[in-house]
There are 2 protein chains.
Amino acid sequence: MNSIFSKVSYFSDLPSEDLLAIEKNAHKRVFKAEQMVVMEGDISGGMYLVESGWLKVSKLSVGGREQVLNFLGPGDVFNAIAVFTDKPNQASVIALEKSSVWWIARETISELIQTHPALAKRVISDLASRIQHLVNLVEDLSLRTIESRLARILVESMEESTVKRHKWATQNEMAARLGTVPDVLNRTLRKFVDEGLIEVKRHQIRILDLETLKLKAE
Amino acid sequence: MNSIFSKVSYFSDLPSEDLLAIEKNAHKRVFKAEQMVVMEGDISGGMYLVESGWLKVSKLSVGGREQVLNFLGPGDVFNAIAVFTDKPNQASVIALEKSSVWWIARETISELIQTHPALAKRVISDLASRIQHLVNLVEDLSLRTIESRLARILVESMEESTVKRHKWATQNEMAARLGTVPDVLNRTLRKFVDEGLIEVKRHQIRILDLETLKLKAE
DNA sequence: CCGAATCCTCGACATAAGTCGGATTTACAG
DNA sequence: CTGTAAATCCGACTTATGTCGAGGATTCGG
């Protein structure tokens, strides 16, 4: 009998009896699109694992502006920070489409870490890559223009000269990811179109001039 | 015989024989002001511990702009990420004044983590607080004005209604910390002075109107 | 105590980014 | 198929931030 957790790389090093123990202490929850899973300021003593669907981690300003810190898909873990500190959540997690997630109590994880160094290493390397991602975000926000950021994201998320867009990947969401407003993103997209760099279609963006785009991404 | 590492909270949970083992494998290095300790893009397989002095972690853009990610003082650890990933350094570390640091090889740390869950937890909570700091930085850069950021920093680093300035804390460095340029920082400082919120003196800034400042920091 | 270098101050100007009103187009429920 | 809401597009305008040039103050080594 295979636990669902066995497929998740986060727990792949654990023996199956531990996986079953986790599953026993985990609770499955399903969220509809737009629903809030974790709210900034709350104290939620546990971590989550995405089984299906997509979600976003974001911060909201008083003025209604939004900055997306991360997108989460199947297999991703979030709210891990809450397990290791007693501070309230720094960001909200919102479902972008119907999603099912598992909630695992802080104690469950905490105890396993004590006894399984391999899990501890997993957690550490996960946090380390989160830091790398955040440092990149800081670099983008502080040292690059929106044009450069957009070019970078297009180049990075490209596969076979096209960038596939999820159903929820509206210009609204993309703008929040870049740390700007929809209007400005749209303006920049159109500019790239005018310059013949890309072609914006229904659910994908086609890269026409990768070289120039890479140049703009620096 | 007490190891210097016993005073560092990072290692405080380790038995003294381990501390001595670390010290044996650690190398002390001294840097002058302005000297580069770690360079962005390099691969340095080990972590550092600050014994004395102050340093900054920062990213430089092609245009010569600088974004400080963190300041480091005695007892702080840096470059820990390099121990857990094989990616090159994302930022540079530069001494702000004469500083002495200890370098500890990746293997030394890596092995200790395997056998000492307490150390693993230390590392994890250290990384977690780094993430929190970076998330705050992202929020500042993306959702707040420079005025608001400056107000926030002044309020946070205040002690008894004054903010002490290290010798190296020039407007240049403070600007890099806020993610802007010296001119703009100066303009904002003067604006606060004009509004009667602060008083800028030799090596400290005196807070005159904490309430309004907090309001500006939101 | 003196000179040079760094740091700070200041106004004028340039520009990236944000805001606003509104016109189209597309998606989707009924 | 149809009507409504959402998403996209667009130009004109405002504003925060960055840039430049230049002068004044402070610090520090010799």
Side-chain angles (χ1 to χ4, degrees), chain A residues 32-34 60-67 96-98 140-152 163 165-195 198-205 216-218, chain B residues 32-34 60-67 94 96-98 140-152 163 165-195 198-205 216 218:
Chain A
K32 284 184 277 192
E34 309 285 297
L60 302 167
S61 80
V62 279
R65 270 283 273 295
E66 180 185 7
Q67 172 69 57
L96 290 162
E97 56 183 36
K98 191 185 173 200
D140 270 5
L141 292 170
S142 177
L143 306 173
R144 306 171 104 94
T145 63
I146 288 185
E147 202 177 318
S148 167
R149 278 179 244 169
L150 177 58
R152 198 217 288 224
V163 177
R165 297 174 64 185
H166 287 266
K167 183 176 166 298
W168 45 261
T170 67
Q171 293 191 8
N172 238 298
E173 298 299 343
M174 291 203 284
R177 176 181 183 182
L178 286 179
T180 183
V181 288
D183 273 17
V184 175
L185 171 64
N186 183 266
R187 186 191 301 165
T188 314
L189 272 174
R190 281 189 294 116
K191 194 185 169 211
F192 283 178
V193 172
D194 289 346
E195 293 173 349
I198 60 174
E199 197 181 49
V200 179
K201 289 203 288 186
R202 299 221 169 196
H203 289 293
Q204 65 177 35
I205 296 173
K216 294 208 181 223
E218 299 269 282
Chain B
K32 283 183 278 192
E34 308 285 297
L60 301 167
S61 81
V62 280
R65 271 281 273 295
E66 180 184 9
Q67 172 68 57
I94 299 166
L96 290 162
E97 56 183 36
K98 191 185 175 200
D140 270 5
L141 293 170
S142 177
L143 305 173
R144 292 161 174 275
T145 62
I146 289 185
E147 203 177 317
S148 168
R149 278 179 243 170
L150 176 58
R152 199 216 287 225
V163 177
R165 299 173 63 183
H166 288 267
K167 184 178 165 297
W168 44 262
T170 66
Q171 292 192 5
N172 238 299
E173 298 298 343
M174 290 202 284
R177 176 181 183 182
L178 286 179
T180 184
V181 289
D183 273 20
V184 175
L185 170 66
N186 183 266
R187 185 191 303 166
T188 313
L189 272 174
R190 280 188 294 118
K191 195 185 169 213
F192 283 177
V193 171
D194 289 347
E195 293 174 348
I198 60 173
E199 198 181 50
V200 180
K201 290 204 288 186
R202 299 220 169 197
H203 289 294
Q204 66 178 34
I205 295 173
K216 294 207 182 222
E218 300 268 284

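By convention in this document, chain letters (A, B, ...) are assigned in the order of the sequence lines, proteins followed by strands, and residues within each chain are numbered from 1.
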Engineer: Could you tell me if the side chain of B:Arg65 sits less than 4.5 Å from the side chain of B:Val181, heavy atoms only?
Structural biologist: yes
Engineer: In the structure I gave you, are the side-chain heavy atoms of A:Glu173 and A:His166 within less than 4.5 Å of one another anywhere?
Structural biologist: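 Side chain of A:Glu173 against side chain of A:His166, heavy atoms only: no contact under 4.5 Å found.
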Engineer: Is a side-chain N or O of B:Ser148 found less than 3.5 angstrom from the main chain of B:Arg144, in a donor-acceptor match?
Structural biologist: no
Engineer: Return whichever of A:Lys167 or A:Arg65 has its heavy-atom-nearest nucleotide of DNA chain C closer to the 5' end.
Structural biologist: A:Arg65
Engineer: If I take atom CD in residue B:Glu97 and atom P in nucleotide C:dT6, what distance separates them, rounded to the nearest angstrom?
Structural biologist: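 The answer, rounded to whole Å, is 18 Å.
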Engineer: So, using salt bridge (Lys or Arg N to Asp or Glu O under 4.0 Å) as the criterion, who are the partners of A:Lys191 when residues are at least two apart?
Structural biologist: A:Glu147, A:Glu195
Engineer: Roughly how many Å is it from CD in B:Glu173 to P in C:dT6, rounded to a whole number?
Structural biologist: 14 Å
Engineer: Please report, rounded to the nearest Å, how far the P atom of C:dT15 is from the CD atom of A:Glu147.
Structural biologist: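 My rounded result for the distance is 15 Å.
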Engineer: Quick one: does any side-chain atom of B:Glu97 pair with a main-chain N or O of B:Trp168 as donor and acceptor, under 3.5 Å?
Structural biologist: no
Engineer: Go through residues 183-190 of chain A and report each residue with a non-hydrogen atom lying under 4.0 Å from DNA chain C, sorted by number.
Structural biologist: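 A:Asp183, A:Val184, A:Arg187 - these, ordered by number, are the residues of the stretch whose heavy atoms sit under 4.0 Å from the strand.
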Engineer: May I ask you to verify if any side-chain N or O of B:Gln171 is less than 4.0 angstrom from the OP1 or OP2 atom of C:dT6?
Structural biologist: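 Checking B:Gln171 against C:dT6: no side-chain N or O falls below 4.0 Å of OP1 or OP2.
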Engineer: Between atom CD of A:Glu66 and atom OG1 of A:Thr180, what is the distance when rounded to the nearest 0.5 Å?
Structural biologist: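 Reported value, rounded in 0.5 Å steps: 12.0 Å.
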Engineer: Whole angstrom is fine here: how far is it from CZ in A:Arg149 over to C1' in C:dG18?
Structural biologist: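 Interatomic distance, CZ of A:Arg149 to C1' of C:dG18: 13 Å.
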Engineer: How many Å lie between CD1 on A:Ile146 and C1' on C:dT19, as a whole number?
Structural biologist: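 Spelled out: CD1 on A:Ile146 to C1' on C:dT19 is 13 Å.
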Engineer: Per the side chain to side chain contact (heavy atoms under 4.5 Å, CB included) rule, which among B:Leu150, B:Asp183, B:Leu178 passes with B:Thr188?
Structural biologist: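 Of all the options given, the one that passes is B:Leu150.
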Engineer: Could you state the CG-P distance from A:Leu143 to C:dA16, rounded to the nearest angstrom?
Structural biologist: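 In whole Å, C:dA16 P lies 16 Å from A:Leu143 CG.
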Engineer: I'd like to know if the side chain of B:Gln67 reaches the main chain of B:Arg177, judged simply by a donor and an acceptor atom lying under 3.5 Å from each other, with no hydrogens or angles considered.
Structural biologist: yes
Engineer: Would you say the side chain of B:Arg149 lies within less than 4.5 Å of the side chain of B:Arg152, judging by non-hydrogen atoms?
Structural biologist: no
Engineer: Quick one: A:His203 NE2 to C:dC28 C1', roughly how many Å, whole number?
Structural biologist: 12 Å
Engineer: First and last nucleotide of DNA chain D in contact with chain B, 5' to 3', at under 4.0 Å to a heavy atom: what are they?
Structural biologist: D:dT17 to D:dC28
Engineer: Does C:dA17 have OP1 or OP2 under 4.0 Å away from a side-chain N or O of A:Arg144?
Structural biologist: no
